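Everything below concerns the one structure shown next.
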2 protein chains.
Amino acid sequence: MILRPATRAELPSVLALLADEDRVVDPASVPVTEAYERAFADIEADPRNEMLVLVDGGLVLGCLQATYIPGLGKGGAERALIEAVRIRADRRGGGLGRELMERAVARAKGRGCALVQLTSNKQRTEAHRFYARLGFARSHDGFKLVL
Amino acid sequence: MILRPATRAELPSVLALLADEDRVVDPASVPVTEAYERAFADIEADPRNEMLVLVDGGLVLGCLQATYIPGLGKGGAERALIEAVRIRADRRGGGLGRELMERAVARAKGRGCALVQLTSNKQRTEAHRFYARLGFARSHDGFKLVL
């Protein structure tokens, strides 16, 4: 099992994961629009963004996006923002989420990040316990403004 | 009054704002370390990061960092993350915070962002009311892991 940046060929699998709420979505059924292709190319070309996939035997089991943010806090170190964390619906509950997160955190640390941050919808209390078990502090409130 | 990316000459003023909790900090008293210079240069060179300053008559009244994040949600549109929001201690309470945020939100919208997001420490209830008045929904919990 490895964690690495997704390839363009895996974009349908990643979009299927992001569309997957409670059941596995067939990647062949997900429309890969030009806007998604452009966004994926933007992520791939940006040295501070990665769409990471957890892959086992060619199968994409999970994903997350990491954004490495330069800043003037933390003694000038980067911080990592994690978004779009997903594990395939039929592979949950077996520790893959922990595997995915721990590898992403190690990757951020290896890069020199001083902090990893993420937000989780207030209704997702199970996810909150998961992040707490990984050592995250629920210290902030997350605000969103749709434009 | 304008909102624009900070210049290198304004870095001490920005660091003074970030060090400013309840009283104005003299920019001349703030050590500009190599690490901060490097971080500032990284922000300046990155087309998806901006250290924005609200300036009036040459005086830096406030700042925030905006990070524009490409992603596979929101139909492939960017989202803006706002961090390090500060108004000079001696100029608070006069609407400058709203001015700063509204201009930053308009800038994100002009760029095509679908969403603006930020986190605020759970203890800062006054800031939470401020963001709510600006239309932000407090829908998420924010998690941090110090590395």
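Chain A is the first sequence line, chain B the second, and so forth, proteins listed ahead of strands; every chain is numbered from 1. It should be emphasised that the depicted structure is a prediction, and the values quoted were computed from it without experimental measurement. Basis for what follows: all heavy atoms, side chains included, without hydrogens, waters or symmetry-related copies.
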Worksheet item: Closest approach of B:G75 and A:A35, non-hydrogen atoms and distance?
Response: O-CB, 3.3 Å

Practice prompt. Please check if A:V85 and A:V24 belong to a single hydrophobic cluster, counting links between Ile, Leu, Val, Met, Phe, Trp and Tyr side chain heavy atoms closer than 4.5 Å.
Written response: no

Worksheet item: In Å and rounded to the nearest 0.5 Å, what is the CG to CD distance from A:L147 to B:E78?
Response: 11.5 Å

Worksheet item: Between A:R124, A:K74, A:H128, A:Q65, which residue shows the highest count of heavy-atom pairs closer than 4.5 Å to chain B?
Response: A:H128

Discussion item. Within the 4.5 Å heavy-atom criterion, are A:L145 and B:L134 side-chain neighbours or not?
Written reply: no

Worksheet item: Given a strict heavy-atom distance threshold of 4.5 Å, which part of A:S120 is in contact with chain B: side chain, backbone, both, or neither?
Response: both

Discussion item. Quick check on B:L15 against chain A: is it the side chain, the backbone, both or neither that has a heavy atom closer than 4.5 Å?
Written reply: side chain

Fill in: Most contacts with chain B, counted as non-hydrogen pairs under 4.5 angstrom, among A:T67, A:I43, A:I82
A:I43

Discussion item. Ring centres under 6.0 Å, that's the criterion: do A:F143 and B:H140 meet it?
Written reply: no

Worksheet item: Looking at A:K122 and B:R138, what are the two nearest heavy atoms and their distance?
Response: CE-O, 3.4 Å

Worksheet item: Are A:V116 and A:L81 linked, directly or through other ILVMFWY residues, by side chains that come within less than 4.5 angstrom of each other?
Response: no

Discussion item. Let me confirm one number: the OG1-CG distance from B:T119 to A:D141, rounded to the nearest 0.5 Å.
Written reply: 9.0 Å

Discussion item. At a heavy-atom distance under 4.5 Å, which candidate from A:A84, A:P47, A:G71 has the highest pair count against chain B?
Written reply: A:G71

Response to the item:
Assert top hit (heavy-atom pairs under 4.5 Å, partner chain B, pool A:A39, A:P70, A:G76) equals A:P70

Fill in: Joint hydrophobic cluster, B:L52 plus B:L18, side-chain heavy atoms closer than 4.5 Å
no

Worksheet item: When only pairs under 4.5 Å are counted, which of A:R38, A:E37, A:R48 shares the most heavy-atom pairs with chain B?
Response: A:R48

Worksheet item: Taking a hydrophobic cluster as the set of Ile, Leu, Val, Met, Phe, Trp and Tyr residues connected by side-chain heavy atoms closer than 4.5 Å, whether directly or through intermediates, do A:V25 and A:L61 fall within one such cluster?
Response: no

Discussion item. To the nearest 0.5 Å, what is the distance between CD1 on A:I69 and CD1 on B:I69?
Written reply: 5.0 Å

Discussion item. Quick check on the interface: out of B:E34, B:R79, B:K109, B:Q123, who has the most heavy-atom pairs with chain A under 4.5 Å?
Written reply: B:R79

Worksheet item: Are A:F130 and A:L3 connected, step by step, through hydrophobic side chains (Ile, Leu, Val, Met, Phe, Trp, Tyr) whose heavy atoms are closer than 4.5 Å?
Response: yes

Discussion item. Taking side chain as everything from C-beta outward and backbone as N, CA, C, O, which of these in B:D42 sits under 4.5 Å from a heavy atom of chain A? Side chain, backbone, both or neither.
Written reply: both

Worksheet item: What's the spacing between B:L72 CG and A:L11 CG if we round to 0.5 Å?
Response: 6.0 Å

